[in-house]
Enquirer: 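Okay, here's the structure, questions in a sec.
Residue numbers begin at 1 in each chain, while the letters A, B, ... track the order of the sequences. Just the heavy atoms: all of them, side chains too, but no hydrogens, waters or symmetry mates, feed the values below.
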Amino acid sequence: QVQLVESGGGVVQPGGSLRLSCAASGFTFSSNGMHWVRQAPGKGLEWVTFIRYDGSNEYYADSVKGRFTISRDNSKNTLFLQMNSLRPEDTAVYYCARDVSWNYFEFWGQGTLVTVSS
Amino acid sequence: QSALTQPPSVSGSPGQSVTISCTGTSSDVGGFNRVSWYQQPPGTAPKLIIYEVSNRPSGVPDRFSGSKSGNTASLTISGLQAEDEADYYCSSYRGGTTWVFGGGTKLTVL
């Protein structure tokens, strides 16, 4: 069965950096685009970024453009999110999700919590 | 990147039907048949329940149905059950290779 397992969350000071990982299994990882979606405490879902199946293109929400970088290693079935210049408003649970046809988020991981605080 | 508009909360008694609306613009909901809905019980990850406006993934009960008219999509849950109590989110492809979510609707089963 499809499994997505995020890791790498934690507490970081404003201006700091963090790298999240999402380990995929149960499907051919290199065949699907992947997203990161976040959810601030007590708030709704916010789309963050998308990467094509082969890593050839990336797309970002305006709120993270220039600070976050999505990447993937298809040989290791792993998705990454490099987060730099972190701000308190980046505090959220970060989910990775499998894309279908640039359309919807078919499967989700359990999420990893990122807290930006001094 | 404004979110899609959903009512903050809806409620219904067991066995009743409820409908959750999701209003966007011609640049997202109205412009594409790429509206999806997600169910999120407290403390869990979101789960896909409707895709491409009205399609249900395998395993999702047919009590859940979706539709769209113009810039507004709707999720209807019929025959409400206690286990349906959760937050519900709509989402739409927006073009320019971006996606947008609604603000979420809390469903209470009375």
Enquirer: Measure A:Val100 against the heavy atoms of chain B and call it side chain, backbone, both or neither at under 4.5 Å.
Expert: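 It is neither, since no heavy atom gets under 4.5 Å.
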Enquirer: With clusters defined by side-chain heavy atoms of hydrophobic residues (ILVMFWY) lying less than 4.5 Å apart, directly or transitively, does A:Val2 cluster with A:Phe29?
Expert: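 Yes, one cluster joins them.
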Enquirer: If you measure from OG on B:Ser91 to NE2 on A:His35, what distance do you get to the nearest 0.5 Å?
Expert: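 Output value for this atom pair is 8.5 Å.
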Enquirer: Are A:Val5 and A:Tyr95 linked, directly or through other ILVMFWY residues, by side chains that come within less than 4.5 angstrom of each other?
Expert: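 Unlinked, A:Val5 and A:Tyr95 end up in two clusters.
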Enquirer: What part of B:Thr44 gets within 4.5 angstrom of chain A, counting heavy atoms only: side chain, backbone, both, or neither?
Expert: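 The backbone, not the side chain.
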Enquirer: Quick check on side-chain contact (heavy atoms from CB on, under 4.5 Å): which of B:Leu48, B:Asn55, B:Val35 does A:Tyr104 satisfy it with?
Expert: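 Considering B:Leu48, B:Asn55, B:Val35, a side-chain contact (heavy atoms from CB on, under 4.5 Å) with A:Tyr104 is found only for B:Leu48.
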Enquirer: About how many Å separate OG of A:Ser101 and OH of B:Tyr51, when rounded to the nearest 0.5 Å?
Expert: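 So the OH of B:Tyr51 and the OG of A:Ser101 are separated by 10.0 Å.
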Enquirer: I'd like to know whether A:Asn103 forms a side chain to side chain contact (heavy atoms under 4.5 Å, CB included) with B:Tyr93, so could you lay out the CA-CA distance, the side-chain angles of the two residues, the decisive distance to 0.1 Å, and finally the verdict.
Expert: CA-CA 6 Å; A:Asn103 189 340; B:Tyr93 178 73; 5.9 Å; no
Enquirer: Are A:Phe80 and A:Tyr53 grouped together when hydrophobic residues (ILVMFWY) are joined by side-chain heavy atoms under 4.5 angstrom apart?
Expert: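 A:Phe80 and A:Tyr53: separate clusters.
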Enquirer: Is the centre of the B:Phe101 ring less than 6.0 Å from the centre of the A:Phe105 ring?
Expert: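 Ring centroids of B:Phe101 and A:Phe105 are less than 6.0 Å from each other.
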Enquirer: Using heavy-atom distances under 4.5 Å, tell me whether B:Thr97 contacts chain A through its side chain, its backbone, both, or neither.
Expert: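 When you check distances to chain A, atoms from both the backbone and side chain of B:Thr97 fall under 4.5 Å.
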Enquirer: Between B:Gly96, B:Ser36, B:Pro46, who has the most heavy-atom pairs with chain A when the cutoff is under 4.5 Å?
Expert: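 Ranked by heavy-atom pairs under 4.5 Å with chain A, first place is B:Pro46.
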Enquirer: Do the side chains of B:Arg34 and A:Trp102 get nearer than 4.5 Å, heavy atoms only?
Expert: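 SC-SC contact between A:Trp102 and B:Arg34 confirmed.
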Enquirer: Under 4.5 Å heavy-atom distance to chain A, tell me which part of B:Gln6 shows up: side chain, backbone, both or neither.
Expert: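 Neither part; nothing is under 4.5 Å.
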Enquirer: Name the orientation class of the two ring planes belonging to B:Tyr38 and A:Trp108 (parallel below 30°, tilted from 30 to 60°, perpendicular beyond 60°).
Expert: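 B:Tyr38 and A:Trp108: perpendicular rings.
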Enquirer: What about B:Trp99 and A:Phe50, are their ring centers closer than 6.0 Å?
Expert: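 Yes.
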